Amino acid sequence: MTFALHGLPVSHGIAIGHVHLVSHALLEVNHYHVQPRHLKKELERLRIAVDTVRGELAGLKAATGSGQGHSEVGAFVDLHIMLLDDPMLLDAARQLIEERRCNAEWALVQQMELLVEQFEQIDDAYLRERKADVVQVVERLVKVLLGRPGHLPPRRKDGLGTIVVAHDLSPADTIGFREHHVAGFVTDVGGPTSHTAIVARSQSIPAVVALHHIRHLVEDDELVIIDGTRGVVIIEPDERVLEEYQLRKAELELERSKLKRLVTARSATLDSEAIGLFGNIELPTDVAQVKAAGADGIGLYRTEFLFMGRETLPDEEEQFEAYRKVIKGMAGKPVTIRTLDIGADKALEGINTRVEPNPALGLRAIRFSLAEPQMFLAQLRALLRASHYGKLKLLVPMLAHAHEIDQTLGLIAQAREQLREKKQKYDEHLEIGGMIEVPAAALALGMFIRRLQFLSIGTNDLIQYTLAIDRTDEAVAHLYDPLHPAVLKLIGGTIQSCARFGLPISVCGELAGDSTYTRLLLGMGLREFSMHPSQILEVKQEILRADVGDIAPKVQRILKMDEPARIREAMERL
Ligand code: PEP
Ligand code: MG
């Protein structure tokens, strides 16, 4: 039976393919009986899994340098290692395997549920929360017992792609889609500027989120159409609807290919203002797309994607190789690499196991890096070493306090010193910049202007924090408004203050890649935009049609308005 569902459109385009249901409930394990003669083998499976996880945790501890001073991560790793030796967990699971002749993962989950229940009875809030550690340790063990979960089906022979249907997807899951033939995805939850949505846009994978119960309404292999522009998902379409969407899909592809003629066009407005267009990337392999779009360089490399979706942290050498690859790949064009922006919806699954009451306001981005100085120093050394191979600019995320940048500059000086001792080369003139993503930073800009060589506005977080809207929560997604007068004043004010002080400023949040806002940003005085390479040509087309001399006074008037209806009217006339 054909039916349609409406959700939030987060990545444009049309995808047609077959459903692949993804379960991320790692702990929903199968239960099966083990023959008495195989019981020994089952216990051995569990022993190997425990040894593997013990090894992973030891590696993690070494990588975070937790032996050398205070470390949040280190403390949790120690606790998880202790849990692996706890008879309440492992001995009990072994006993269950023998007595009930069941599989190891099921025995573990049974015992975990029993322990969680006991933890829930504890009055002390801290101890009660430790149930999360038991769950994480069991998740690690189950992951090893099952091998890597969530594998996708092979490419289909009928030429149609796979449509992933999930309750939720992490950004790390989504990035894994690159290697598979995933045509589109839909989820029950999520918001338009969540990192999962950002990754979907960067890969031009149509996606619709906030469909509430889609995971329970479709079945594996059903045919679905995703309209990522309108936020519509059609299940089991009839022939007429299918034909209509096939036609629209072909038209969209034609439009996109027509834009390719702009790759070599000079990026300038009608009145000859040169505008820098830069690419945002998540992985070194994205460099090819940035070059194909004719970008002026990379304006944001989100290094956290190197750290996510894995069991251990990348060491200095692995990071150095990744950063050098990007810098060399850009052949002398500027490459802005952002230091680790972990936290909120970019979790270090299994590595940072701290349970945060409010992750977006917690130990995120620069706060996390400063709390893990050994890990941060390893990243800074890797970045400095890579700076020798081209034009690197270093960007620090989510600054709110002057002392955060002072501490960071202190650590950069320390990393330089360590490299000098080892006679390793780096760019002495490396520029250091900061992201303006917190209203406090936008309102007290002087302290960053004085300390840094460039700034970049992260509109995704700036809007989230200004309007108190969780960017991943579909229930408040309708309140996420880039045209809110407070947001406009913060963005406009930041651009204008930088212009007054002659400090280079760019925008690298999703606003920069949305051509609806190109004229507005140009009118505010913005001359550097950074976005996913897939959006560059559309924005360039807007730039080529714009006359800043005409737009700027109109935008100045918009910045003075505080009535939403008037702002929207003025935007239509812009
Ligand atoms: C932003 O917040 O706008 C930004 C570019 O950073 P991220 O999306 O990675 O949080
Ligand atoms: Mg951000």
Side-chain angles (χ1 to χ4, degrees), residues 10-11 170-172 174-175 190-203 277-283 286 290 298-309 335-348 359-369 393-400 404 433-442 448 454-473 477 480-482 484 487-488 490-491 494-495 505-514 517 521 526 528-533 535-536 539:
V10 297
S11 183
S170 72
T174 318
I175 215 141
T193 53
S194 67
H195 285 90
T196 301
I198 289 175
V199 173
R201 283 195 287 276
S202 77
Q203 296 176 79
L277 290 175
F278 295 81
N280 290 357
I281 66 165
E282 275 87 40
L283 292 174
D286 298 340
V290 174
I298 288 171
L300 172 66
Y301 171 8
R302 292 180 162 101
T303 57
E304 51 277 9
F305 283 85
L306 193 62
F307 291 64
M308 286 154 54
V335 174
T336 304
I337 304 189
R338 181 172 74 183
T339 63
L340 193 62
D341 181 13
I342 218 68
D345 65 332
K346 289 179 287 192
L348 275 188
L361 301 181
L363 200 65
R364 229 202 109 169
I366 188 62
R367 303 168 184 182
F368 181 77
S369 294
K393 293 164 82 175
L394 193 149
L395 182 61
V396 185
M398 233 188 105
L399 290 167
E404 288 166 336
M435 288 202 61
I436 303 302
E437 306 183 87
V438 180
F448 298 112
F454 68 98
L455 294 178
S456 188
I457 308 177
T459 50
N460 309 333
D461 278 316
L462 188 59
I463 298 171
Q464 158 165 268
Y465 294 125
T466 304
L467 301 180
I469 305 297
D470 182 337
R471 57 195 267 197
T472 64
D473 185 352
Y480 191 97
D481 181 11
H484 188 292
V487 170
L488 294 181
L490 289 175
I491 299 175
T494 302
I495 294 171
I505 173 91
S506 70
V507 170
C508 64
E510 294 299 287
L511 214 61
D514 185 338
Y517 301 108
L521 292 169
L526 190 72
E528 266 186 36
F529 294 63
S530 191
M531 67 203 78
H532 288 295
Q535 300 158 324
I536 288 180
V539 169

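Counting convention: from 1, in listed order, for ligands and their atoms alike. Just so you know, these numbers come straight off a predicted model, no measurement behind them. Just so it is clear, the values below take in all heavy atoms, side chains as well, and ignore hydrogens, waters and symmetry mates.
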Report task. Could you tell me whether a side-chain N or O of Thr336 sits under 3.5 Å from a main-chain N or O of Leu300, the two making a donor and an acceptor? Result -> no

Report task. Look at atom 6 (O) of ligand 1 and say which protein heavy atom is nearest, naming residue and atom and giving the distance to 0.1 Å. Result -> Arg338 NH1, 3.0 Å

Report summary line: Within 4.0 Å of some non-hydrogen atom of Cys508, the atoms of ligand 1 are 5 (C)

Report task. Could you list the atoms of ligand 1 found under 4.0 angstrom from a heavy atom of Ile198? Result -> 8 (O)

Query raised in the report: Can you tell me if Arg364 has a non-hydrogen atom under 4.0 Å from ligand 1?
Result: yes

Query - Note, His195 side chain near Arg471 side chain (heavy atom, < 4.5 Å) - result: yes

Query - Option of least heavy-atom distance to atom 10 (O) of ligand 1 (set: Asp461, Val507, Thr459) - result: Asp461

**Report entry** Proximal atoms of ligand 1 relative to Leu300 (non-hydrogen, under 4.0 Å)
**Finding:** 5 (C)

Query raised in the report: Considering only the protein, which heavy-atom contact is closest to atom 7 (P) of ligand 1, and what is its distance?
Result: His195 NE2, 3.1 Å

Query raised in the report: So is Met435 in contact with ligand 1, going by heavy-atom distances below 4.0 Å?
Result: yes

Query raised in the report: At a 4.0 Å cut-off, with the gap strictly under it, does some heavy atom of Arg471 reach an atom of ligand 1?
Result: yes

Requested in this report: For side chain to side chain contact (heavy atoms under 4.5 Å, CB included), just list the numbers for Met531 and Ile536, CA-CA rounded to whole Å, side-chain angles, deciding distance to a tenth of an Å, and then say yes or no.
Outcome: CA-CA 7 Å; Met531 67 203 78; Ile536 288 180; 3.7 Å; yes

Query - Nearest heavy atoms of Met398 and Ala360, plus distance in Å - result: CE-O, 4.5 Å

Query raised in the report: Do Pro439 and Leu462 have side-chain heavy atoms sitting under 4.5 Å apart?
Result: yes

Query raised in the report: Under 4.0 Å from ligand 1, counting heavy atoms only, is it the side chain of Asp341, its backbone, both or neither?
Result: side chain

Report task. Considering the heavy atoms of Gly509, write down every atom of ligand 1 situated less than 4.0 Å from one of them. Result -> 3 (O), 5 (C)

Requested in this report: Would you mind reporting whether Ser11 and Gln203 have side-chain heavy atoms less than 4.5 Å apart?
Outcome: no

**Report entry** Any donor-acceptor pair under 3.5 Å from Asn460 side chain to Thr193 backbone
**Finding:** no

Query raised in the report: Any donor-acceptor pair under 3.5 Å linking the side chain of Ser369 with the backbone of Ile366?
Result: no

Query raised in the report: Are Lys346 and ligand 1 in contact, using a heavy-atom cut-off of under 4.0 Å?
Result: yes

Query raised in the report: Checking side chain to side chain contact (heavy atoms under 4.5 Å, CB included) for the pair Ile495/Ile457: CA distance, chi angles, key distance, verdict?
Result: CA-CA 9 Å; Ile495 294 171; Ile457 308 177; 3.9 Å; yes

Query - Nearest neighbour in protein (non-hydrogen) for atom 2 (O) of ligand 1 - result: Glu437 OE1, 2.8 Å

Report task. Calculate the angle formed at the Mg ion (ligand 2) by OD2 in Asp461 and OE1 in Glu437; 10° precision is enough. Result -> 100°

**Report entry** Cationic N near anionic O, under 4.0 Å, Lys346 to Asp341
**Finding:** yes

Requested in this report: Mark up the atoms of ligand 1 that fall under 4.0 Å of a heavy atom belonging to Arg302, in ascending order.
Outcome: 4 (C), 5 (C), 6 (O), 7 (P), 8 (O), 9 (O)

